[in-house]
S.K.: 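Here it is: the structure, laid out below.
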Amino acid sequence: MLGLVAVVLLALWAPVPAGAIEPIRISRDDIALDLSGALEFHRNKGASFQVSTAPGIDGIVRRIEVEAKESNSSGDWAVFALANTTDQQLDRLIVAPHFRLVGSGLFWPDLGASRIGAITPSEGFALDRQASPDADVFLVTLNPGSVITFIAELASPDVPQVYLWDPEAYKDTVNSYTLFRGIVIGIAGLLALFLTILFVVKGTTMFPATAALAWAALAYICVDFGFLSKVIEISPGSEQLWRSVTEIALAGSSIVFLFAYLNLNRWHGHFSYVALAWISGLGLIAGIAVFFDPAVAAGIARLSFAATAVIGLLLVVYLGLRGYDRAIMLVPSWLMVLVWMAGSWLAITGLLDNDIVQPALGGGLILIVLLIGFTVMQHAFSGGALQQGLFSDMERQALAITGSGDTVVDWDVLRDRVVTRPDISEQLGLSSGSLHGPARNWLPVLHPDDRDHFRTTLDMVLEHRRGRIGQSFRLRAADGHYHWFSMRARPVVGSDGEVIRCVGTLIDVTEQKKAEERLLHDAVHDNLTGLPNRELFLNRLDAVVNIARAEEKVRPTVFVIDIDRFKHVNDGLGMSAGDTMLLTLARRLHRLLKPQDTLSRFTGDQFALMLLSEQDPARIAAFADALRQAIRAPISFAKREIVLTGSVGLISWTSPSATAEDMVKDAELAMQQAKRFGGDRIEPFRPAFRSYGADRLQIESDLRRALDRGELSLVYQPIVRLVDNSVAGFEALMRWDHPRRGMILPGEFIPVAENCNLIVQLGLFAMQRAAEDFASWQKQIGNSPLSVSVNLSSRQLIRQDLVTDVRSVLARANLKPIYFRLELTESLIMDNPEQCTHVLDKLRKLGIGLSLDDFGTGYSSLSYLTRLPFDTIKIDKSFVDDTSPKKAVLLSSMVDMAHDLGLSVVAEGVSSEADALQLRQMGCEFVQSFLFGAPLPADAALKLLKEQFPLTQA
């Protein structure tokens, strides 16, 4: 002590070194401080160690020398300093736990040891060690305003954690953890004892395996919680060995439990070999722990436990998906095992670092064993014996014959031996007795689709110990063909309540199965083409519709195809020629399909098609055109080329309330409409088609009188310039204000008008009214750069008097041709492009404007677009609404192409200002949508024009 004082006195005049220790300031409110990061370690310094102290309150750094107090000192030292910043004396405990799971590591883990041999302060005497079985605890007293440097003599190289505790708080914490640990150990002990008793009562292999797992978990937490040292005397330094051995036991018992519970040895002997080799390897690792290094053994055990958890997950998922009830029941327990493994990995790697992790993981382990015990008990108390005692051989054969058997099958469960009489191996062409032996010998000859069902059925009988086996499966013969067998059997239960035999019969039902398959196929397929019939098609469509209600990406399109005038082929060439052509058409249509699509033959010359591979409207339209072209392609027969055409009706699923039957009926209505238009055309379904039947005559009658009664009117939707949002013109749209039905849109009554030859009158009415209204507006606002557009129907276009009608309309309204425009759709023009070109040239010579409507949605050819005398194209709203980058590129290309051809561009259906700005940047001149103006009555349209073009007196 005098030497220490002398050294201190000599160091009073020493200058302060640059690396002086920074003291940790302590206040009265500090309950627990983590000093781990404040320790300054000095390795291999020998039994004598000199160090500079932290600056005292006078700012002077002193130097002291400390001698090792332990005879087996490692030469490692740790230095830290504490400063009492209060005006009171403070008592604190320096605590260094012997073992911490947190940060212990996976490879060569730290299994715990004494951390600090002694602590010497720079003032006063060495600190007193407090009694504690699981930590090095030293009491330190800090005087008011003092700064003391502490030199810790390390008993082991690593000090995972050092805390500075308030004595009372530390005592309360130890007591609370002691209570928790006692409860957990008590539960674990009762659970292990209960499972052991259960094993004695029931005696099957899964129960001793579960009991072994429970005892291993109990041993692990007893060591981890420090309880084992209170029961038996453990020599200092042997805690690492005990901890390593318990971890090995836990890893080994988990393998045994998984193997026994899932009954893996029944299906293949390799499972037994793997499990035995694995457990033997863990036994060798236990020897490494005893004679070599416990840390190495514990690291391997931890890896083994993790591998068991992962392999167990794969087995549980694989067997659970195949209906193995043991695997299904183990799912919750094994999920908890994986969660526990994840938490343990976070702890041992230091990613999860707090004081409650270690006891929480111990409690979680017992909770897992408890849940596994509950799972096993369901097997222990489920079912009962069907019959006590053993059957004689005569009784077993009588039971098989009663089951109307052909081949007797007898499975001795205890010896795992299957015998058939007569030998079924010979019936299959296999070597005699090849199927006599363990049940797993049947697996290689079983059909792959039947193996899991076969295993599960046998397991169910063994587990429930009751019921009958009624199963059909396929066995592969020596020639590679499969034979169907029907097995009917029942279990034989011994005096202990367990199944000892399974006896029954096998019947070859191959011919019966083939007949059933032929009948089933013929019931739902067309005899001529082999395609699904109407019933099977509706069944598949109904399944797809149910999926479409939940999946947005599934949108089926139904086509109904009827071959035009096919009766003439049968009458002129005969039924055999007709069948040949139907087969040819079926092959052609089937080549257009992708695997998810379905083609069906409804009746003689009527086909149906469900399209799932295409969702985009443009792609569906292209497919429909390909469908039409495939039908139109010439068919060679008897040195003749026969050209057939088809009427196609289609409908895409859009309404969640629509059923498969509804879709087919609507597609048939569209197909009938296509035939009424002359055939060889594709007609999408429109709701007006539903009224064609019983309601058609009434609508026709009402429509004929609508013009005389003044029920038809026009509304005008503005066409706006993008550059300044000014009105550039209007499109005239027809409305029918029915006295009973209310307002009817053109899409509902125009098809009726086209079919009953009223469309020409309606077209003339629309042109005359639009021309007269526009002429009236011009008188009130003056001549302005405006125009009015009227849509043209197919019947009007093919009339020879169309040019005369337009000239007459303009004359009666006293309207210059430059202010009048006609709009035509792509599909309308391409029905007869040569005739349309001739008529449009004459209309253009009158001086009126021509617009190509719905551009991009029809089937036009660009070569015709360069020849037709249009001055404007109207881009369909489907291109504007789409926000994908590809459609944006396509839209820009369409605008550029129109400009290169000298055409103006009108974009329809613009729904946002952002879309309008994008179109303006692309160079689009005009837009027409509800965003820029809804359809207006004539007086409202005039008011809008007066606001934009106030009348200027000449």
Side-chain angles (χ1 to χ4, degrees), residues 618 621-622 624-626 628-629 632 643 645 674 677-683 719 729 731-732 750 754 757 759-760 762-764 766-767 770-771 787-811 815-876 879 893-906 908 925-926:
D625 187 55
R628 181 185 175 201
Q629 296 301 326
R632 288 170 59 98
V643 177
T645 60
F677 284 152
D680 190 20
R681 63 182 291 134
I682 300 166
E683 194 67 37
I719 299 174
E731 179 181 357
I750 290 297
E754 290 177 341
N757 297 323
I759 191 63
V760 174
L762 294 183
L764 285 173
M767 289 192 295
S787 64
V788 63
S789 301
V790 180
N791 289 286
L792 204 63
S793 70
S794 58
R795 294 295 178 91
Q796 290 176 279
L797 185 60
I798 62 176
R799 289 181 71 247
Q800 299 294 331
D801 297 334
L802 176 61
V803 178
T804 304
D805 290 342
V806 174
R807 185 183 293 112
S808 176
V809 164
L810 296 176
L815 182 66
K816 294 181 180 180
I818 193 175
Y819 300 120
F820 191 76
R821 307 184 64 84
L822 291 178
E823 292 190 5
L824 300 88
T825 61
E826 279 188 273
S827 56
L828 177 63
I829 297 168
M830 295 314 298
D831 283 341
N832 194 342
E834 298 296 339
Q835 174 68 16
C836 289
T837 303
H838 178 70
V839 175
L840 293 178
D841 284 335
K842 290 185 177 181
L843 290 172
R844 186 61 176 167
K845 290 177 180 178
L846 290 179
I848 69 171
L850 296 175
S851 297
L852 181 60
D853 198 9
D854 297 339
F855 180 73
T857 61
Y859 321 112
S860 63
S861 170
L862 293 180
S863 61
Y864 279 109
L865 184 60
T866 60
R867 294 164 52 187
L868 296 170
F870 289 104
D871 54 32
T872 301
I873 64 170
K874 300 184 74 173
I875 298 177
D876 188 73
F879 293 94
S893 300
M894 293 167 68
V895 174
D896 293 340
M897 180 192 67
H899 290 165
D900 292 340
L901 295 176
L903 306 178
S904 301
V905 180
V906 180
E908 295 182 301
E925 298 94 333
F926 306 101

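As the structure is a computational prediction, the values presented were derived from the model and not from experiment.
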S.K.: Just verifying a value: how many Å separate L824 CG and L843 CG, rounded to the nearest 0.5 Å?
M.R.: 8.0 Å

S.K.: Strictly distance-based, threshold 3.5 Å: is any side-chain N or O of R632 a donor or acceptor partner for the main-chain N or O of V643?
M.R.: no

S.K.: Among V895, T872, D896, exactly one meets side chain to side chain contact (heavy atoms under 4.5 Å, CB included) together with V905. Which residue is that?
M.R.: V895

S.K.: With a 4.5 Å heavy-atom cut-off, do L802 and L792 have their side chains touching?
M.R.: yes

S.K.: Between atom CG of L810 and atom OH of Y819, what is the distance when rounded to the nearest 0.5 Å?
M.R.: 12.5 Å

S.K.: Please report the closest heavy-atom contact between P869 and L850, naming both atoms and the distance.
M.R.: O-CD1, 3.6 Å

S.K.: Rounded to the nearest 0.5 Å, how far apart are CD1 of I848 and CZ of R821?
M.R.: 9.0 Å

S.K.: Would a 4.5 Å heavy-atom cut-off, applied to side chains only, mark L852 and L868 as touching?
M.R.: no

S.K.: Evaluate the side-chain proximity of H899 to E925: yes if any heavy-atom separation is below 4.5 Å, no if none is.
M.R.: yes

S.K.: By the definition side chain to side chain contact (heavy atoms under 4.5 Å, CB included), identify the one residue from N791, V790, V906 that meets it with E731.
M.R.: N791

S.K.: Once rounded to the nearest 0.5 Å, what's the spacing between atom CZ of F870 and atom CD of E823?
M.R.: 10.0 Å

S.K.: I'd like to know if E683 pairs up with R681 as an ion pair, taking the criterion as any Lys NZ or Arg NE/NH1/NH2 lying under 4.0 Å from an Asp or Glu carboxylate oxygen.
M.R.: yes

S.K.: Quick one: pull up CD1 in I719 and OG in S851 and give me the separation to the nearest 0.5 Å.
M.R.: 7.0 Å

S.K.: Enter the distance from I682:CD1 to D680:CG here, rounded to the nearest 0.5 Å.
M.R.: 9.0 Å

S.K.: Within a reach of under 6.0 Å around CG of L846, are more than 12 heavy atoms found that belong to other residues, nucleotides or ligands?
M.R.: yes

S.K.: Show the numbers, then the answer: is there a side chain to side chain contact (heavy atoms under 4.5 Å, CB included) between M767 and L822?
M.R.: CA-CA 9 Å; M767 289 192 295; L822 291 178; 4.0 Å; yes

S.K.: Measuring only between side-chain heavy atoms, which start at C-beta, is R844 closer than 4.5 Å to D871?
M.R.: yes

